[in-house]
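Remarks on the structure that follows.
This chain uses plain numbering: 1 for the first residue, then up along the sequence. Just follow the structure's listing: the first ligand is 1, and inside any ligand the first atom is 1.
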Amino acid sequence: AGPCDLYASGGTPCVAAHSTTRALYSSYTGALYQVKRGSDSATTNIAPLSAGGVANAATQDSFCSGTTCLITVIYDQSGRGNHLTQAPPGGFQGPEANGYDNLASATGAPVTLNGQKAYGVFVSPGTGYRNNNANGIATGDAAEGMYSVLDGTHYNGGCCFDYGNAETSSKDTGNGHMEAIYFGTSTAWGTGSGSGPWLMADLENGLFSGVSSGNNAGDPSITSRFFTAVVKGGPNLWALRGGNAASGSLSTYYSGIRPTASGYNPMSKEGAIILGIGGDNSVSAQGTWYEGVMTSGYPSDATENSVQANIVAAKYATTSLTSGTALTAGSKISLRATTSSSNTRYLAHTGTAVNTQVVTSSSATTLKQQASWTVRAGLGNSACFSFESVDTPGSYIRHSDFTLYVNANDNSKQFKEDATFCPQSGISGSGSSIRSWNYPTRYIRHYSNAGYIASNGGVHTWDSATLFNDDVSWAISSSFA
Ligand code: AHR
Ligand code: AHR
């Protein structure tokens with residue numbers, strides 16, 4: 001059985017079932033998600049390998065070969081047509097044209113399920129999916145349940161990495177107008193024990209870790225790589241439950257009456273569905289999401305426990321984040337541009353500015369050093385890499401506002417993540433393309449001889465699709481200095 005078969009047996013059927021990694025009903029053979037490629041804007045659907053099975057990642061890999069791909073639709077497997085698509089502007093605007101949110105990279109969150117490769121949804125700040133015309137999702141004070149499988153190590157303090165029930169207007173219409181899973185380290189509303197990240201319920205104008213509006217010590221900091229998050233709510237009753245999605249059972253972090261703060265009892269749920277954003281389209285949060293459902297009715301703990309056992313049996317595991325020219329921490333490299341007009345230029349820096357410069361074996365040592373980088377284990381994720389300046393030890397290539405700089409490591413979480421890159425086989429077919437870890441739609445690119453992290457088409461001049469593949473493909477060799 002799949003998770004939604006278990007919810008149905010428990011009398012609380014799924015009214016939305018979303019996953020890019022697997023079918024959530026044992027008989028489901030339809031599309032899981034749609035990807036769009038950068039080369040020609042063509043789309044294709046990714047289905048399970050077999051009924052009830054893991055996504056056919058090979059279909060995506062061949063469709064997206066030699067270009068970039070975005071996740072455009074996350075289909076609803078419940079039959080109600082509650083698909084998730086690019087979120088529109090609301091109380092806040094997204095970064096894309098006309099205030100829409102960004103779409104996620106199709107390759108930002110690779111994992112395996114029972115040894116088979118699949119891709120999750122890597123939400124960078126600015127990314128969001130939504131359905132404001134959903135069918136059958138709880139409204140008013142009606143009871144519902146939901147769960148999500150998340151990456152417990154990818155989070156931030158921004159508002160709000162959510163999955164669940166939200167406003168149909170994309171605007172903040174008041175307390176109690178949402179009921180969604182939140183995961184992260186926001187301290188603007190509730191907190192739990194330790195320093196987070198925490199599972200909380202986003203009930204609008206408040207992330208709740210328990211019955212009080214502030215701290216509830218029963219809500220633990222999460223440490224597992226894969227995390228099952230559960231929220232459910234009905235008339236004057238709600239619960240927060242969670243557990244390691246790769247082993248063991250769920251714990252109940254809170255179960256009891258609604259918060260006494262005004263507006264949360266009864267609830268005023270509106271029945272839209274969000275992923276990666278707040279109810280008002282707040283877009284500052286990050287996280288990685290693999291699967292989740294919403295139910296009609298308040299699921300029993302026993303039903304949720306059987307869903308957790310099903311998730312554990314799916315055997316989520318990590319897999320490599322890199323490919324292309326192999327890099328070794330401690331070695332020194334230079335990176336040559338491969339675009340034909342620039343193929344004598346190397347990735348270099350002048351002070352804090354990252355640029356490309358023409359360097360040869362007879363260049364001055366100063367210039368050679370400016371174009372040389374020491375490979376380090378990724379400061380923000382040791383499965384990827386960081387690039388330390390050879391002439392300025394302690395300073396690394398990092399992005400800020402999508403522009404590359406060489407800055408001193410200030411040891412902040414933001415710096416470490418901005419300085420982490422995951423190289424892969426060159427998108428042009430040559431060399432390596434060096435993807436930003438925290439913005440996986442973006443790659444290190446030279447544009448007008450300056451350095452950026454660029455997406456293949458987008459709102460910045462340096463996101464231009466013209467020459468994108470060549471500009472993001474670098475020949476990596478031993479360093480000049
Ligand atoms: O409840 C927390 C957040 O507050 C909601 O997600 C958002 O709509 C509002 O800004
Ligand atoms: O470069 C994009 C973002 O801009 C970085 O993550 C952050 O440091 C800055 O706000």
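With a 6.0 Å cutoff to the six-membered ring centre and a 45° limit on the axis angle, R445 does not count as a cation-pi contact of F468.
Between F226 and Y290, the ring planes lie tilted relative to each other; the angle falls in the 30° to 60° range. The aromatic rings of F402 and H399 lie parallel to each other, with less than 30° between the two planes, well short of the 60° mark. Classification of the Y147-Y7 ring pair by plane angle, with boundaries at 30° and 60°, yields parallel.
Remark: the backbone N or O of N156 is paired with a side-chain donor or acceptor of T185 at under 3.5 angstrom. A donor-acceptor contact shorter than 3.5 Å is absent between the side chain of D162 and the backbone of G276.
Judged by the shortest distance from any of its heavy atoms, K171 lies outside the 4.0 Å radius around the atoms of ligand 1. For W189, the closest heavy-atom approach to ligand 1 falls below 4.0 Å.
E204 OE1, 3.2 Å is the protein heavy atom nearest to atom 4 (O) of ligand 1. The nearest heavy-atom contact from the protein to atom 2 (C) of ligand 1 is D202 OD1, 3.3 Å.
Proximity of C159 to ligand 1, defined as any heavy-atom pair under 4.0 Å, is confined to the side chain (atoms from C-beta onward). The backbone and the side chain of D280 each have at least one atom closer than 4.0 Å to an atom of ligand 1 (non-hydrogen atoms only). When heavy-atom distances to ligand 1 are checked against a 4.0 Å cut-off, E167 has no atom that comes that close, whether in backbone or side chain.
Under a 4.0 Å N-O distance rule, the pair E304/K232 qualifies as a salt bridge. Ion pairing of E179 with R258 is present here, as a side-chain N (NZ or NE/NH1/NH2) and a carboxylate O approach within less than 4.0 Å.
Those atoms of ligand 1 with a heavy atom of G278 less than 4.0 angstrom away are 6 (O). The atoms of ligand 1 that sit less than 4.0 Å from any heavy atom of G206 are 1 (O), 2 (C). Shown in contact with S282 at under 4.0 Å from a heavy atom are these atoms of ligand 1, numbered in order with element: 10 (O). Per-residue contacts place G279 under 4.0 angstrom from the following atoms of ligand 1 (heavy atoms of the residue considered): 5 (C), 6 (O), 7 (C), 8 (O).
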